[in-house]
Amino acid sequence: MAVEQMLWLLALYMGICVVSWLLLWAICYNLTRTYIPAEISQRAKLGCANLILGFFTALGLFLEKVGICHRYRIWRVVINGVPPLKDSSLIIEDLLFDNVPVRVYRLKASPAGNKRGMLYLHGGVGLIGSIQAYERVARHIARESGTVVVSVGFRLAPEHQYPASLIDCQIAAIHFLKNAEDYGVDPNRIIIGGDSSGATFAAATCQYLVARNDLPKVRAQILLSPFLQAVDFNLPSYQQNHSIPPLFKKRAIKLGFLYLTGKFVDLDGIMKNAHVPEELKEKYGKWISADYIPDEFKIRGYVPLVPAPFSEKLYEICKEALDPMFSPLLAEESTISQQPEAFILTCEYDVVRDDGLLYKKRLEDNGVPVTWLHIKDGFHGMTFGIDYGLMEFPSTPKIFQHLLNFLKDM
């Protein structure tokens with residue numbers, strides 16, 4: 001008995017040591033490797049959130065190293081968060097759209113037929129995130145706008161390699177467009193939207209549907225802080241916001257290419273744009289360039305980068321990132337000109353801010369109407385905290401009010 005007690009005490013001591021070490025690492029990282037500008041409201045809250053995120057990131061890595069579980073299992077549990085209380089105003093159903101899991105949200109007190117519908121695609125770099133994690137977002141949109149919201153539970157990498165998640169989004173979109181009336185939705189009033197990588201999937205899905213003449217046209221797209229190109233990782237926003245949480249430049253590129261390739265690649269080379277051949281840089285330069293970013297977004301500093309020498313090896317590993325399905329900003333003019341009306345959210349302190357600005361320009365240059373919302377004290381992932389109590393930042397309700405106003409005009 002004494003031996004068992006000693007073993008339990010030893011295990012407890014080791015557990016405390018590990019947790020203490022991970023917490024210390026997270027604190028040190030938060031203090032030395034991150035920067036939260038004074039212009040961001042409730043900076044302390046963001047710092048605390050980033051500290052918690054850092055701790056669980058380190059915990060996931062530790063548990064993977066010792067062979068207990070994959071790092072993403074821990075990260076997914078954390079981002080799923082605390083389930084919200086029951087909402088008596090909504091009918092919520094878990095269904096399958098051609099074998100793709102979805103959750104449908106409808107107002108109970110709603111007139112039959114001719115309603116607006118929205119396909120919502122969650123964020124998480126295609127590695128984490130879920131219907132559960134974005135439950136509050138979907139509920140808020142459905143409840144406050146009367147929209148029938150379909151949240152898609154697409155497959156995640158690395159278990160399901162790219163483009164599995166995008167294919168699931170396309171399948172769900174096709175099913176919804178074909179069967180909208182089954183849910184009381186007018187098939188000509190369907191919006192496709194998403195947050196972060198979900199916005200990437202939304203843009204790519206809208207581009208894919210251009211060629212489908214057998215389906216109703218998508219009414220609009222909603223792109224909240226979208227990642228849209230993997231050509232230039234040294235645009236002003238990538239330089240200015242590289243160490244602002246929660247989406248650091250290095251983290252964004254690392255996870256994005258892990259989602260794409262299933263393995264870790266040479267980040268230094270990619271961060272210096274060594275993965276793009278000269279002829280493609282010239283081709284894409286007419287769409288992706290700091291020259292097209294308004295000067296007001298360069299005030300905080302921007303230095304044109306001399307790219308590293310081209311690496312054929314990196315290009316072979318990463319060339320799928322230059323496909324428009326991964327980088328929607330690279331679509332041809334014939335596709336861009338047929339895109340539906342757009343709502344685009346950009347945040348000043350977000351590494352992917354300039355992707356949204358460049359896509360806005362491309363759409364407008366091709367005659368596509370764009371409603372643009374820029375949050376001057378915003379950072380990546382602000383929409384995630386809606387209706388989440390202390391996790392909600394002051395600008396989050398403002399974002400949703402603009403989004404809801406856009407929806408109600410559809």
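What you see is a predicted model; the values in this text were computed from it and never measured.
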Sub-4.5 Å side-chain heavy-atom contact between [X] and [Y]:
{"X": "L322", "Y": "Y284", "result": "yes"}
{"X": "L209", "Y": "I174", "result": "yes"}
{"X": "F343", "Y": "L224", "result": "yes"}
{"X": "C318", "Y": "I270", "result": "yes"}
{"X": "Y388", "Y": "T396", "result": "no"}

So which pairs with a foot in residues 215-230 pass salt bridge (Lys or Arg N to Asp or Glu O under 4.0 Å), sequence neighbours left out?
->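 Output for this query lists R219-E341.
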If we ignore hydrogens and angles and just use 3.5 Å, is the side chain of [X] paired with the main-chain N or O of [Y] as donor and acceptor?
{"X": "N273", "Y": "F233", "value": "yes"}
{"X": "N366", "Y": "R362", "value": "yes"}
{"X": "Q229", "Y": "V231", "value": "yes"}

When you look at W372 and E364, which way does the side chain to side chain donor-acceptor pair (under 3.5 Å) test go after all the steps?
-> CA-CA 11 Å; W372 173 51; E364 291 176 335; over 6 Å; no
Do H242 and F248 have their ring centres less than 6.0 Å from each other?
->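 Here the rings of F248 and H242 have centres that are no less than 6.0 Å from each other.
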How close do [X] and [Y] get, counting heavy atoms only, and between which atoms?
{"X": "P101", "Y": "I131", "value": "O-CD1, 4.1 Å"}
{"X": "Q161", "Y": "T261", "value": "NE2-C, 3.5 Å"}
{"X": "F154", "Y": "C169", "value": "CD2-SG, 3.6 Å"}

Would you tell me whether [X] and [Y] have side-chain atoms, one donor and one acceptor, within less than 3.5 Å of each other?
{"X": "R300", "Y": "Q239", "answer": "no"}
{"X": "N234", "Y": "K249", "answer": "yes"}
{"X": "D377", "Y": "S395", "answer": "yes"}
{"X": "E135", "Y": "Y105", "answer": "yes"}
{"X": "H374", "Y": "T346", "answer": "yes"}
{"X": "Q132", "Y": "N80", "answer": "no"}

Charged N-O contact under 4.0 Å between [X] and [Y]:
{"X": "E144", "Y": "R136", "value": "no"}
{"X": "D87", "Y": "R143", "value": "yes"}
{"X": "E39", "Y": "K376", "value": "no"}
{"X": "E392", "Y": "K398", "value": "no"}
{"X": "D291", "Y": "K298", "value": "no"}

Mind listing the side-chain donor-acceptor pairs of residues 116-128 below 3.5 Å, one per line with the distance, residues two or more places apart or on another chain?
unit_1	atom_1	unit_2	atom_2	d
R116	NE	L407	O	2.7
R116	NH1	S145	O	3.0
R116	NH1	T147	OG1	2.7

Could you label the plane-to-plane angle of the Y72 and W75 rings as parallel, tilted or perpendicular, counting under 30° as parallel and over 60° as perpendicular?
->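 Y72 vs W75 ring planes: perpendicular.
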With under 30° as parallel and over 60° as perpendicular, where do the rings of Y259 and F326 fit, or are they tilted in between?
->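 Rings of Y259 and F326: parallel, as their planes differ by under 30°.
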Quick one: is the NZ or CZ of K45 closer than 6.0 Å to the six-membered ring centre of F393, and within 45° of its axis?
->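 Yes, a cation-pi geometry holds between K45 and F393.
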